[in-house]
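Just so it is clear, the values below take in all heavy atoms, side chains as well, and ignore hydrogens, waters and symmetry mates. Order of appearance sets the numbers: ligands from 1, and atoms from 1 within every ligand.
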Amino acid sequence: MEISIVILAAGAGTRMKSSRPKVMQPLAGRPLLQHVIDYSRHVGASDICVVYGHGGDEVRAELAAESLRWALQEEQLGTGHAVQQAMPDTPDAHRVLILFGDVPLLRPETLAALLDSCGPDEVGVLTVDLDNPFGYGRIIRKNGAVLRNVEERDATDEEKAIVEINTGVMCAPAKKLKEWLGRLKSDNSQGEYYLTDVLGMAVEDGTVVHGVKAQSQVEIMGINDRKQLAEAERALQRRLVDELMEQGVSFADPERVDIRGVLTCGQDVYIDANAIFEGAVSLGDNATIESNNLIRDSHIGAGTTIHSNCHIESSKTGSNCEIGPFSRLRPGAELANNVKVGNFVEIKKSTVADGSKVNHLTYVGDARIGSGVNIGAGTITCNYDGANKHLTIIGDNAFIGSGVELVAPVEIGAGATIGAGSTISKSAPAGALTLERAKQTTIPGWKAPRKKQ
Ligand code: UD1
Ligand code: CA
């Protein structure tokens, strides 16, 4: 039986105290709603419909790349009313799985267990036992079977003592669900159309309702304020780090690392404290990431060490390179194998071939550097003339002395040596020493100026 997913995301999220819609708040670098969409993709549903309302245009614009169906809930009249907005285009023959845009940590296995627990004509509701169930809907069972849900505000003291709560996540056959939703009334303490009343209706109609308990409280966590957002962030980070440790990655401290995207690691990778990974990052076997590094959308080759305090973005390194401390690789930096990049070196949109060294205080932009090249301290490729960027080409085994300015476009031949302090604006031939330097003079008998009386 085909499945239609409905994700409720119309609430304002006032407790977040933000100008952004709640479901757009970032968790591990992606909006809450994106997490829900991502895990819902594992279900294999034929249709995912997001019910939106508050800040809807912003939500739709940010998720434009996703193939989704959108249903507008103009007024937030309750969770039952919200689901109803998605029903007109949901085929009667489908099963409906209802998810929440502010519940980001559910695991696909848990959803699969919920769907597997009940037949296509039955209802399933995901529950969990909470140490402190305050505020949640309580699950009322009789002889083990689910009878109905009662909201905190409508519950008796006896019902409030129940610790099994409704997570809100449920599945039901579309045809029956539509009928139950149509019969909902708002005669409760909040004057809302409660989706949860569907459970009692189903039981009355003789439909079996299965209550499936989630394994952990973390999974069903709903995010309402920034404290919960921060809690969810730590919980998710811990989950990501645990997965990597199972795959053979070592962390100096699993609590002090942030993965905001997808981090793929080879074997025996070591990650020290306060490393931040954003976007798609891959680390080859035996790579070492020292402390305080930010690495975004980059590949670090096998055996390469990123020393402390580097900033690396949209770059690639080959194997056995040494980068940093304090290096910056900007978009388009591509280093081959055994390359060394040292402190206070910035490399942008440049290739550096095998075994070359750029060790201190240097800017390399729009350059093609051959293999075995040594670039001395304080060298600058002057790539920008104020209007256009120009290329610098340095041949294999060239030696660039310290404090050289390479005014692009310019080419340094293979094996050339450039004398320290030169400003090179014409191409330098291979194998020769080229230098540009004013003659050094000493003025005999020169007197230092004195302060006037
Ligand atoms: C709901 C459940 C409660 C459950 C709890 C779990 C109902 C009536 N109650 O309570 O049993 O324990 O979730 O967290 O369903 N939303 C809309 N449109 C609306 C109202 C809500 O899209 O008109 C969305 C909200 O954005 C939110 C979600 O539905 O993401 C839940 O709504 P909320 O008002 O927070 O329900 P709870 O009171 O938490
Ligand atoms: Ca809620």
Inset, instruction - May I ask you to list the atoms of ligand 1 that are less than 4.0 angstrom from any heavy atom of Gly137? - result: 3 (C), 4 (C), 11 (O), 12 (O)
Legend entry - Within reach of ligand 1, part of Val51 (heavy-atom separation under 4.0 Å): neither
Legend entry - Nearest option to atom 7 (C) of ligand 1, as decided by whichever heavy atom of Thr79, Val36, Leu33 sits closest: Thr79
Legend entry - Arg260 side chain near Phe277 side chain, heavy-atom distance below 4.5 Å: no
Legend entry - Sub-4.0 Å atoms of ligand 1 with respect to non-hydrogen atoms of Tyr194: 8 (C)
Legend entry - salt bridge (charged side-chain N to carboxylate O under 4.0 Å, His left out) contacts in which one or both residues fall within residues 68-79, not counting sequence neighbours: Asp47-Arg69, Arg69-Asp89
Legend entry - Side-chain donor-acceptor contact under 3.5 Å, Asp272 with Ser291: no
Inset, instruction - Could you see which bit of Phe100 sits under 4.0 Å from ligand 1, with heavy atoms only: side chain, backbone, both or neither? - result: side chain
Inset, instruction - Show which atoms of ligand 1 fall inside a sub-4.0 Å distance from at least one heavy-atom site of Thr167. - result: 6 (C)
Inset, instruction - For ligand 1, note which part of Ala82 has a heavy atom under 4.0 Å away: side chain, backbone, both or neither. - result: side chain
Inset, instruction - Measure up the Phe344 and Phe326 rings against each other and bin them: parallel (under 30°), tilted (30 to 60°), perpendicular (over 60°). - result: parallel
Inset, instruction - Indicate, as side chain, backbone, both or neither, the part of Lys22 found under 4.0 angstrom from ligand 1 when only non-hydrogen atoms are considered. - result: neither
Legend entry - Side chain, backbone, both or neither: His81 near ligand 1, heavy atoms under 4.0 Å: neither
